[in-house]
Every structure is written in C-alpha cells, then in structure tokens.
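None of the values given here were measured: they were computed from a predicted structure. Heavy-atom basis, side chains included; hydrogens, waters and symmetry copies ignored. All residue numbers in this chain count up from 1 along the given sequence.
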Amino acid sequence: MTSTSDPRAPRDLRTELESLTTEAFRPELADIDRLPTLDIARLMNGEDATVAGAVAARLPEIAAAIDAVAERMARGGRLVYAGAGTAGRLGVLDASECPPTFNTDPSRVVGLIAGGPSAMVTSVEGAEDSRELARADLDGLGLAPADTVIGISASGRTPYAIGAVEHARDHGALTIGLACNAASPLAAAADHGIEIVVGPELLTGSTRLKAGTAQKLVLNMMSTITMIRLGKTYGNLMVDVRASNDKLRARSHRIVALATGADDKEIEEALTATDGEVKNAILTILADVDGPTAARLLEESGGHLRAALAAAG
C-alpha cells in the first residue's frame with residue numbers, strides 16, 4: 001500500500017526540488033527588490049508573455065485529452081480536477097464556473113483540493129503530501145469508469161495529485177496529468193500527460209506565477225472546448241447559460257438576439273415560452289416551433305442546437 005505521505009527525507013526532497021525547472025534560481029534577478037516598481041512590472045509582464053507560447057507547444061496533447069474527456073462526458077461521465085495549493089484552487093475555480101456558464105449540474109465538473117474546501121483560503125499543512133487523502137476524496141465521489149480525473153501540479157511530483165491519478169486509473173477512469181516540469185511523475189502516471197514547461201519563476205519557486213497562469217490557460221481550454229464538443233454553445237454563443245441573476249438574464253436576451261436577429265418582443269415571448277432556456281428559445285424562433293417541440297427536438301439531438309435545427313427541417 002502506498003504511504004499516506006511522502007516518505008523521503010527532507011534532504012532528498014530538497015535535492016529533488018532543486019532539480020525542477022520551476023524551482024530554479026535566477027541570479028540575474030537577485031537585485032529585483034532594488035528596481036523601480038515600473039521596471040519590476042515590465043519584467044513580470046515579459047515573463048507572462050512567454051506562457052502562451054509554452055502552452056502552444058503542447059496543443060496536440062491538450063486537444064487529444066479534450067477529445068477523450070468529451071467522449072466520456074457524452075456518456076454521462078464527470079470531469080474531476082484534483083490538486084493542492086494554487087493548482088487545487090485553479091481546479092476548483094474552473095469547476096465552479098461551469099454551472100453558470102454552461103448550465104451544467106454542479107456534480108458534472110468537480111474540483112477537489114487537498115485539505116478540503118477550507119484549503120481554498122487557508123493552507124492545510126501536510127494535505128498535499130497525502131496520496132491516501134486523494135483516494136478518500138475520490139471514493140467520496142463514487143468514482144466510475146466513465147469519469148475523468150485531471151491531476152494538477154506545477155512540480156509534477158505532488159503526492160495528492162499523483163495519488164488521485166493512480167487511484168482513478170485503478171478504477172478504470174480516464175486520467176490526465178497537468179504539470180509544468182518535463183519528465184514529471186504526474187504525467188507519467190496518467191493516460192494523457194501534459195507538461196507546460198514555463199521555466200523558472202520571477203520569484204524562485206513561486207509557481208502561482210507563470211506555472212499558475214499556464215495551468216489556468218489549459219484548464220480554460222479543457223472545460224470550454226469540452227463544452228463546445230458537448231453542444232453547450234451555438235457558434236461562439238453560450239446558449240446554455242443559466243440566467244440566475246439580472247446580468248445573466250440580460251445576457252440571455254442578448255444571446256437570443258445575436259443568434260436569431262429577432263426583435264425584443266419576439267425574444268421575450270420565446271424566453272417566456274421556454275422558461276428562460278436560451279437554447280430552446282433560439283430553436284422556437286429559428287425553427288418556428290413551440291416550446292415543447294423545441295424541448296423534444298433538443299432532447300433527441302443530445303442537446304446540440306445545430307442538430308436540432310437540422311432535424312426541424
């Protein structure tokens with residue numbers, strides 16, 4: 001049985017960390033604290049500008065992983081992010097934005113952070129070192145073979161993230177390892193390894209900087225493109241948006257207008273007839289059908305608006 005924490009001696013861990021690109025010391029920045037604020041800002045901005053290129057170098061791997069996720073989710077599977085610290089917080093953030101953006105059930109995209117919800121705002125000492133904690137968190141979800149687990153770790157060696165991926169593979173789930181160092185244990189443990197090598201940070205070892213930005217970019221792609229593949233958009237319009245507040249109700253109206261070119265009165269009537277469901281409202285206007293028919297066509301088309309429009313003739 002794998003240990004609940006990393007068993008290596010502190011000296012061994014220090015040696016390992018020193019070998020990581022994300023932990024490398026940059027002597028040319030040793031006097032950064034003596035620079036004018038504007039110069040430091042320019043340095044940071046220049047560093048950030050390199051991140052998109054590092055992501056671009058791994059787009060084929062990212063696309064392959066997304067297609068695999070979408071195929072699982074189309075069969076009812078869930079997408080689960082698992083990480084510690086900044087990586088875990090980014091996963092929770094991406095998951096929490098899916099329900100209002102794509103009208104997904106909160107249980108379909110889930111973010112797990114080592115140490116539980118309190119770790120979002122307060123460090124939970126030792127949680128990231130526990131493989132067993134990752135197993136327990138996944139068992140609490142009732143992990144199934146149709147699910148996908150994405151382990152997130154800048155270093156690529158965080159036991160919690162690796163433990164999550166290993167446990168998910170044992171249960172037949174799809175696994176993805178997202179790291180920011182080459183030849184990482186996390187990527188090696190996963191079905192799909194994605195390593196965005198952004199290089200040493202401006203502040204030595206502060207992986208909430210470039211590494212965090214890279215992880216955010218990749219997670220944006222993961223969830224957004226998966227939802228596009230699942231029919232959650234019509235063109236570049238968020239037609240499954242959940243109108244849960246005044247801003248989103250106004251956005252819903254605007255999305256229907258952009259998709260149909262209808263006037264305000266027709267749009268309001270369509271939204272009323274479909275209980276505010278944007279996708280259904282668009283279909284009633286473009287296909288000239290009533291609300292129940294629109295709902296039936298969308299159900300038969302797996303929620304894909306283009307397919308429903310084609311079926312309506």
Side-chain angles (χ1 to χ4, degrees), residues 63 66-81 90-111 141 146-148 216-217 219-313:
I66 290 170
D67 284 338
V69 173
E71 190 277 329
R72 297 274 179 131
M73 292 197 76
R75 293 192 277 116
R78 295 167 296 176
L79 175 59
V80 181
Y81 299 129
L90 289 169
V92 172
L93 173 64
D94 198 76
S96 67
E97 290 176 342
C98 286
T101 306
F102 301 110
N103 200 19
T104 59
D105 186 288
S107 67
R108 295 297 308 283
V109 185
V110 180
L141 294 178
D147 295 333
T148 299
K216 179 68 164 64
L217 292 177
L219 295 181
N220 280 351
M221 288 184 182
M222 284 286 176
S223 56
T224 301
I225 302 175
T226 293
M227 294 304 163
I228 290 173
R229 294 274 77 90
L230 293 176
K232 294 288 187 177
T233 65
Y234 179 64
N236 64 341
L237 297 174
M238 299 182 292
V239 292
D240 260 341
V241 65
R242 177 177 296 167
S244 57
N245 58 39
D246 289 341
K247 182 188 77 172
L248 292 178
R249 278 186 282 275
R251 179 177 291 167
S252 296
H253 185 106
R254 183 168 182 267
I255 289 170
V256 177
L258 289 169
T260 65
D263 59 33
D264 288 347
K265 182 175 183 296
E266 187 175 10
I267 291 170
E268 288 302 326
E269 290 175 348
L271 286 168
T272 299
T274 58
D275 294 323
E277 295 286 348
V278 172
K279 188 185 291 185
N280 300 46
I282 292 170
L283 186 55
T284 64
I285 295 172
L286 294 182
D288 192 23
V289 297
D290 59 20
T293 301
R296 176 180 58 79
L297 287 169
L298 282 166
E299 183 177 359
E300 293 172 352
S301 301
H304 291 258
L305 181 52
R306 290 193 190 277
L309 284 166

Quiz item: Under the side-chain hydrogen bond (donor to acceptor under 3.5 Å, both in side chains) test, which residues partner His253, sequence neighbours left out?
Solution: Asp264, Glu268

Quiz item: If you measure from CG on Leu230 to CD on Glu71, what distance do you get to the nearest 0.5 Å?
Solution: 10.5 Å

Quiz prompt | Rounded distance (nearest 0.5 Å) linking atom CE of Met227 with atom CD1 of Ile66 | solution = 11.5 Å

Self-check item: Pairwise distance CD1(Ile255) to CD1(Ile267) - rounded to 0.5 angstrom
Solution: 11.0 Å

Quiz item: Any idea which heavy atoms bring Arg75 and Ala146 closest together, and the distance?
Solution: NH1-CB, 4.3 Å

Exercise. Please collect all salt bridge (charged side-chain N to carboxylate O under 4.0 Å, His left out) contacts where either partner lies in residues 247-258, sequence neighbours excluded, each pair once.
Key: Asp246-Arg249

Exercise. Taking side-chain hydrogen bond (donor to acceptor under 3.5 Å, both in side chains) as the test, write out the residues that go with Asp263, two or more places apart.
Key: none

Practice problem: Return each pair, listed once, that meets side-chain hydrogen bond (donor to acceptor under 3.5 Å, both in side chains) where at least one residue sits in residues 272-281; pairs must be two or more places apart or across chains. | Solution: Asp240-Lys279

Practice problem: Check Ala311 against Leu297 and note the closest heavy-atom contact, atom names and distance. | Solution: CB-CD2, 4.2 Å

Quiz item: What pair of heavy atoms forms the shortest contact from Leu305 to Leu298, and how long is it?
Solution: CA-CD2, 4.0 Å

Exercise. Please lay out, stage by stage, how Val289 and Arg296 fare under the test side-chain contact (heavy atoms from CB on, under 4.5 Å).
Key: CA-CA 11 Å; Val289 297; Arg296 176 180 58 79; over 6 Å; no

Quiz item: Taking all non-hydrogen atoms of both residues, which atom of Ala294 and which atom of Thr284 are closest, and how far apart?
Solution: CB-CG2, 3.7 Å

Quiz item: Are side-chain heavy atoms of Val109 and Met73 found at a separation under 4.5 Å?
Solution: yes

Practice problem: Could you tell me which residues satisfy salt bridge (charged side-chain N to carboxylate O under 4.0 Å, His left out) with Glu266, sequence neighbours excluded, listed by chain and number? | Solution: none

Quiz item: Which residues pass the salt bridge (charged side-chain N to carboxylate O under 4.0 Å, His left out) test with Asp147, sequence neighbours left out?
Solution: Arg78

Exercise. Mind checking the CG-CG spacing from Leu219 to Leu90? Nearest 0.5 Å is all I need.
Key: 6.5 Å

Quiz item: Are the side chain of Ser96 and the backbone N or O of Leu93 linked by a donor-acceptor pair below 3.5 Å?
Solution: yes

Self-check item: Taking every non-hydrogen atom, the tightest pair across Tyr81 and Ser223
Solution: OH-CB, 3.8 Å

Quiz item: Quick one: which of Val278, Val239, Leu286 gives a side chain to side chain contact (heavy atoms under 4.5 Å, CB included) with Val256?
Solution: Val278

Quiz item: How many angstroms lie between atom CG of Leu258 and atom OH of Tyr234, to the nearest 0.5 angstrom?
Solution: 11.5 Å

Quiz prompt | From SG (Cys98) to CG (Asp105), nearest 0.5 Å | solution = 11.5 Å

Quiz item: Do other residues, nucleotides or ligands put more than 12 heavy atoms under 6.0 Å from the CZ atom of Arg229?
Solution: no

Quiz item: Of the non-hydrogen atoms in Ala287 and Ala312, which two are nearest, and what is the gap between them?
Solution: CB-CB, 3.7 Å

